[in-house]
Protein chains: 2
Amino acid sequence: MGKLVTEMLKGTLEGIVLAILSVRPAYGYEITAWLRDQGFSDIAEGTIYALLVRVEQRGLVDVEKVPSEKGPPRKVYSLNAQGREYLEEFWRTWSFLAERLEQLRKGGKQS
Amino acid sequence: MGKLVTEMLKGTLEGIVLAILSVRPAYGYEITAWLRDQGFSDIAEGTIYALLVRVEQRGLVDVEKVPSEKGPPRKVYSLNAQGREYLEEFWRTWSFLAERLEQLRKGGKQS
DNA sequence: TACCAGTACTTAGCAACGCAGAATAGTGCG
DNA sequence: CGCACTATTCTGCGTTGCTAAGTACTGGTA
């Protein structure tokens with residue numbers, strides 16, 4: 001898509017990735033491919049990897065190196081307890097923002 | 001609120017302000033006060049002003065200087081045709097993102 | 001053997017955005 | 001005169017996603 005999505009992803013992409021990991025563990029390459037499949041067509045490879053490093057350093061995920069048959073070993077990330085707490089907080093913040101936005105959208109329609 | 005909101009506002013705050021201006025013209029100080037009232041308790045003064053300068057330079061809004069009884073003249077911004085088009089695009093992008101997020105939230109709940 | 005595509009991760013430099021904090025300017029009130 | 005409120009501007013900073021390139025491992029093909 002365009003620049004608009006890129007800017008909107010700042011702050012939400014992290015939550016998106018953590019939400020994915022809350023369903024089941026996954027590794028960077030896999031997450032990138034899945035996101036592209038879901039319509040985030042120009043998510044940059046490096047973006048996801050950098051994000052994963054960040055959330056790992058903040059202690060929100062656990063990592064396990066798993067050998068791959070098709071290339072270098074995968075770094076499989078899984079959401080830990082702290083990560084789940086953080087994800088809760090993310091959803092609360094998202095809800096807050098989404099509510100205001102929806103109200104604004106309604107308000108603008110009538111005029 | 002916290003750091004989470006700050007990051008999420010990147011990319012959405014612009015749309016929020018344009019949406020406000022789509023209802024009626026307004027000036028920076030007024031917009032800041034209104035947002036704080038709506039729960040964006042720690043929106044920085046300077047943030048709104050900088051944003052307004054940006055959208056003006058991109059030709060999305062028209063500006064008119066209006067004298068104030070209580071201080072320096074106000075810069076009253078109003079959304080123009082190009083701005084309305086841009087706002088439409090913003091809403092489309094927002095919808096796209098909001099849909100994926102809601103799906104992820106549902107998906108995460110079951111596990 | 002040499003090469004290439006696919007898988008998988010890393011790194012360096014860049015641009016955009018919101019925030020912190022201070023400065024400037026105008027009005028009215030004690 | 002000083003202070004609070006109104007109203008805008010500016011500099012420097014941290015975070016985030018993107019671009020672009022590089023590394024590493026496997027399997028298939030010419």
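So you know, we letter chains A, B, ... as the sequences are listed, proteins then strands, and number each from 1.
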Contact class for B:T6 vs. all strands (heavy atom < 4.0 Å): base, sugar-phosphate, or nothing?
-> sugar-phosphate

Identify the 5'-most and 3'-most nucleotides of DNA chain C with at least one atom closer than 4.0 Å to a non-hydrogen atom of chain B.
-> C:dC17 to C:dT27

Any idea which heavy atoms bring A:I16 and A:F40 closest together, and the distance?
-> CD1-CZ, 4.1 Å

Would you kindly say whether B:R105 and A:S22 are connected by a side-chain donor-acceptor distance under 3.5 Å?
-> no

Determine the contact category for B:E30: base if any of its heavy atoms lies under 4.0 Å from a base atom, sugar-phosphate if only primed atoms, P, OP1 or OP2 are that close, otherwise nothing.
-> nothing

Go through B:W94 and B:E89 one step at a time and tell me if the side chain to side chain donor-acceptor pair (under 3.5 Å) criterion holds.
-> CA-CA 9 Å; B:W94 166 259; B:E89 179 67 16; over 6 Å; no

Nearest atoms (heavy-atom pairs only) where A:I43 meets A:L13 | CD1-CD1, 4.0 Å

Flag side-chain contact, heavy atom, 4.5 Å: B:D62 against B:L79 = no

Is it possible for you to check whether B:R58 lies under 6.0 Å from the centre of the six-membered ring of B:Y86, through NZ or CZ, and within 45° of that ring's axis?
-> yes

Would you call A:E30-A:R24 a salt bridge at under 4.0 Å N-O?
-> yes

Could you say whether A:G46 or A:S68 is positioned toward the 5' end of DNA chain D, judged by the nucleotide with the nearest heavy atom to each?
-> A:G46

Given that A:I43 and A:G71 both sit by DNA chain D, which one's nearest nucleotide is further toward the 5' end?
-> A:I43

Do the non-hydrogen side-chain atoms of A:I31 and A:Y77 ever get within less than 4.5 Å of each other?
-> no

Residue pair A:E7/A:A50 against DNA chain C: nearer the 5' end by closest nucleotide is A:A50

Range on DNA chain D touched by chain A - first to last nucleotide, heavy-atom distance under 4.0 Å | D:dT16 to D:dT26

